[in-house]
Amino acid sequence: MKTVSTLLLLGTAAVAFAQGTTILTIGSGSTTGVYFPVATGMAKMINDSGSGVRANARSTGGSVFNMNALATGELDIAIAQNDIAYYAYKGTGISAFEGKANNKIRSMAVLYPEVLHVIARKDAKINSIADLKGKKVVIGDLGSGTEQTARQVLEAYGLKFDDLGQTLRVSPAQGISLMQDKRADALFYTVGVGASAISQIAQTVDVNVVPVGGNQAASLIKKYPFYVRFNIPAKAYKGVGATVPSVAVQAVMLTTTATSEDAVYKAMKATFGSEADLKAIHPSLGLNYSLEKAVKGLPAPLHPGAVKFFKEKGLNVK
C-alpha cells in the first residue's frame, strides 16, 4: 500500500492525484483464469468510485504466490483458494508455509466456488482419475493452488505425482498448448466454471471432463474439509453433454493488517456495495456470489474494514 503524497517528487504525473490517495495492488492469477478478470473488474470499480482509494490488478502465479506476496507487502489485496489461505495463516499444510504462520492475514470476502476441472484428451482414454497413472499431466504452476489440489485428489485415488508418466508444472496458457500439441494427456485446473482456458481447450481439442466423485470424493472431503461436492453442469463446455461430479474449494479475497481499516472499507464499499455490478464482472460471481455466502468459509479473521462494511449491510460479523 503506497500513499501518493510520498511520491510527489517523482514528477507532475503524481501531483495529479490528490494528496493521501491510497493505491492498492491486487494479486490475481493467470490471465486465462477467473481471478484476473475478477481482480481487473474490481480494480476498475474502486478507481471509478472516487473514494480516494485507487487499485491496480496484477497477473500472478496464483494462490501460493499471492499469500507469500501478501506477507512481504508486494501485494495489498489478493484472491486465493480458501484452503491455501488457511495454510498460510496457520503456517502448515504445505512446505511453502511450514513454520511460517502469517497471523497478519485478514479475510475480506468469499467470492465463488473454485471447481476442480480435470480435462483429458479423448484419445488418451482417461475416464477416471486412476487412469492418469503413467500419463503426461499438467498439474498447474509451481506453487499454485491447483498443484496442491492435484496432489490431494490423486492421493484420494491412491496415486502420487511419481505415479504419473510426466508431471508438467506450467501455467494454464502453456497447458492449453501442450494439450493441443498432444504433449499432455490431461490437465488439472482449479478455477471457476466458465474459465476461458477450459473453454479454449474444449473448442480446439476433443476432450472429456474426468469425474471426481463417490468414495474418493468422500474421503477427500473428510481429510480436507475445505472441499465441497460440486457438479460441473452439462454443456458448460463444448463436448460436455452431461453433468460431471467434482469437488470445489472457495475463492476468497484477502488482505493483511498492514492495510488500513479506511482503505479496506472503501475498497469493500466500491466493489461489494453494488451486488448487481459485482456479479456482472464474471459468470462465476454472477451465479454464485451472495452477501450471506461472503462470510462463510473464511480462512482467517475478517479485516476491521470488512467487518464495518458487512455490519452496515446488516450481517452479524466480528
Side-chain angles (χ1 to χ4, degrees), residues 26-49 55 57-60 62-63 66 77-82 85 107-117 119 145-146 149 172 189-203 209 226-254 267-299 306 309-310 312-315:
I26 306 173
S28 60
S30 162
T31 54
T32 57
V34 177
Y35 286 9
F36 185 70
V38 167
T40 303
M42 286 182 160
K44 185 178 188 307
M45 291 172 82
I46 292 168
N47 292 337
D48 290 348
S49 68
R58 267 185 54 193
S59 173
T60 72
S63 293
N66 288 351
I77 292 173
I79 303 174
Q81 292 178 200
N82 62 343
S107 300
M108 291 174 69
V110 168
L111 301 175
Y112 56 84
E114 289 199 87
V115 185
L116 173 64
H117 292 70
I119 310 296
T146 293
T149 301
Y189 196 8
T190 308
V191 69
V193 172
S196 62
I198 308 295
S199 297
Q200 194 173 337
I201 294 171
Q203 290 288 343
V209 181
F226 298 105
Y227 289 104
V228 295
R229 291 182 185 269
F230 192 100
N231 290 326
I232 298 172
K235 298 187 170 55
Y237 305 102
K238 184 184 175 186
V240 182
T243 299
V244 180
S246 191
V247 291
V249 288
Q250 303 273 19
V252 62
M253 197 168 180
L254 301 135
M268 294 284 294
K269 197 166 182 181
T271 50
F272 297 94
S274 169
E275 195 166 307
D277 290 342
L278 178 73
K279 293 173 85 160
I281 292 175
H282 193 277
S284 288
L285 286 166
L287 294 169
N288 298 290
Y289 174 80
S290 75
L291 201 59
E292 291 71 27
K293 291 178 187 173
V295 294
K296 292 180 179 173
L298 296 168
F309 171 79
F310 285 124
E312 282 185 2
K313 290 289 186 179
L315 294 184

Atom pair [atom1]/[atom2] of [X] and [Y] - distance to nearest 0.5 Å:
| X | Y | atom1 | atom2 | answer |
| --- | --- | --- | --- | --- |
| Lys313 | Lys269 | NZ | NZ | 8.5 Å |
| Ser28 | Phe36 | OG | CZ | 5.5 Å |
| Glu114 | Thr149 | CD | OG1 | 8.0 Å |
| Thr40 | Ile281 | OG1 | CD1 | 9.0 Å |
| Met108 | Phe309 | CE | CZ | 10.0 Å |
| Leu111 | Leu278 | CG | CG | 7.5 Å |

Those residues that, when tested against Pro283, pass side chain to side chain contact (heavy atoms under 4.5 Å, CB included) (two or more places apart):
none
Evaluate the side-chain proximity of Pro299 to Val252: yes if any heavy-atom separation is below 4.5 Å, no if none is.
yes
Using only atom types and a distance under 3.5 Å, with no angle test, would you say the side chain of [X] pairs donor to acceptor with the backbone of [Y]?
| X | Y | result |
| --- | --- | --- |
| Ser49 | Ile46 | yes |
| Thr146 | Thr190 | yes |
| Thr271 | Met42 | no |
| Thr32 | Ser196 | no |

Please give me the minimum heavy-atom distance between [X] and [Y], naming the atom from each residue.
| X | Y | value |
| --- | --- | --- |
| Ile79 | Tyr35 | O-CE2, 3.4 Å |
| Ala197 | Pro172 | CB-CB, 4.3 Å |
| Val193 | Ala236 | CG1-CB, 4.1 Å |

Test side chain to side chain contact (heavy atoms under 4.5 Å, CB included) on Leu287 and Lys279 and set out the steps.
CA-CA 8 Å; Leu287 294 169; Lys279 293 173 85 160; over 6 Å; no
Between Val110 and Lys293, does the side chain to side chain contact (heavy atoms under 4.5 Å, CB included) criterion hold? Intermediate values first, please.
CA-CA 7 Å; Val110 168; Lys293 291 178 187 173; 5.5 Å; no
Any chance the side chains of Tyr237 and His117 put a donor and an acceptor closer than 3.5 Å?
yes
Does any donor atom in the side chain of Asn66 or Thr60 lie under 3.5 Å from an acceptor atom in the other side chain?
yes
Is there a side chain to side chain contact (heavy atoms under 4.5 Å, CB included) between Tyr289 and Phe272? Walk through the geometry before answering.
CA-CA 10 Å; Tyr289 174 80; Phe272 297 94; 3.3 Å; yes
Taking everything shown except Lys44 itself, do over 12 heavy atoms lie less than 6.0 Å from its NZ?
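At most 12 heavy atoms, drawn from other residues, nucleotides or ligands, come within 6.0 Å of this atom.
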Walk me through whether Leu298 and Asn82 qualify under side chain to side chain contact (heavy atoms under 4.5 Å, CB included).
CA-CA 7 Å; Leu298 296 168; Asn82 62 343; over 6 Å; no
